[in-house]
Amino acid sequence: MLKPLQMIVLTTANALQQHLAAARSKGDTIGFVPTMGALHQGHISLIAASKAGNAQTVCSIFVNPAQFNDPNDYKKYPITIDKDMALLQQQGTEVLFLPGVEEVYPNGFAGLEQYDLGFLETVLEGKFRPGHFQGVCQVMARLLKMVRPHDLYMGQKDYQQCMVVKKLLELIGMDTNFHVCPTVREADGLAMSSRNLRLDERARTTAVTIYQALEMTRASLRPGQLEGLTAKARQLLQANGFEVDYFEIADANTLELLHYWDGKQPVAALAAAFLGEVRLIDNMVLN
Ligand code: AMP
């Protein structure tokens, strides 16, 4: 049996850029999958998509301090690096980029760039997690400039983040092909997430209510007023012990919040809610 290729693990931007320059000079295309680790099948689906389209897949694992508006969430973010490396190796990932904080933020966190994200930063995740998307842009701009991928793969699970990164690619003038990959779910419908590791058994059973609320909304969607639908979804979550940040229906292309649906406009439902200390998000395109 052929021995699978050994994955290359690099920790500095220099080493990464050298490796990728050599790959490019051979004509290899580069696919990039940025993650914060604690990998699951959602992440692996992105690796598989990248491998299907590129000669070299770079996965980064970096828990980005700049994107956590809640210091406790950062402190408690799950880290499972040995398991992650085994999964990536098994998947045939060519390169794992594993930088330290000083490598990504050599000048620390003062005087960071400010990205003009406009409306996206004022609504939903932007509204409830102040500074979060600026932090996402900080790390993504830095990683993208290091990797300079032909193709970038991210998950629809983080719907608004995908819109932010699409905008960032324009702002920093990169012509990377951007692929939004479908949300991978557990058998009961719960969207896979690294934060699910922080749910105890009881909370894990309850967590699926987010998916059920989205599914209920999709099944009941009719042209007309939308408030009844979103109120019912919020009630379902609250009745199951969630503290709801938001449950909204929005234009699927702009994220403008909608109170009325004309029956044609593409719409998505987006939700964020706490179960105990753990904040879960999910979304569904409804039509
Ligand atoms: P994270 O490690 O949570 O920052 O996620 C890294 C990438 O994986 C992001 O592009 C996420 O949108 C994506 N991702 C996370 N969960 C899922 C999932 N359940 N299905 C598909 N992609 C996902």
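Just the heavy atoms: all of them, side chains too, but no hydrogens, waters or symmetry mates, feed the values below. Both counts, for ligands and for their atoms, begin at 1 and track the order of listing.
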### Summary
Contact set, ligand 1, heavy-atom distance under 4.0 Å, ordered by chain/number, equals Pro34, Thr35, Met36, His40, Gly42, His43, Leu46, Tyr77, Met154, Gly155, Lys157, Asp158, Pro182, Thr183, Val184, Met192
#### Entry: With sequence neighbours excluded, residues passing side chain to side chain contact (heavy atoms under 4.5 Å, CB included) with Ala48
Gln91
### Summary
Those residues at least two apart in sequence (or on a different chain) that pass side chain to side chain contact (heavy atoms under 4.5 Å, CB included) with Thr176 are Pro149, Leu152, Leu169, Met174
### Pairs involving residues 109-118, ordered by first then second residue, that meet side chain to side chain donor-acceptor pair (under 3.5 Å) (sequence neighbours left out)
Glu113-Arg142
### Task
Return yes if a side-chain donor-acceptor contact under 3.5 Å exists between Tyr77 and Asn72, otherwise no.
no
### Message
I'd like to know if Asp245 and Arg129 make a salt bridge, using a cut-off of under 4.0 Å between side-chain N and carboxylate O.
### Response
no
#### Entry: Backbone N/O of Val123 and side chain of Gln160: donor-acceptor pair under 3.5 Å
yes
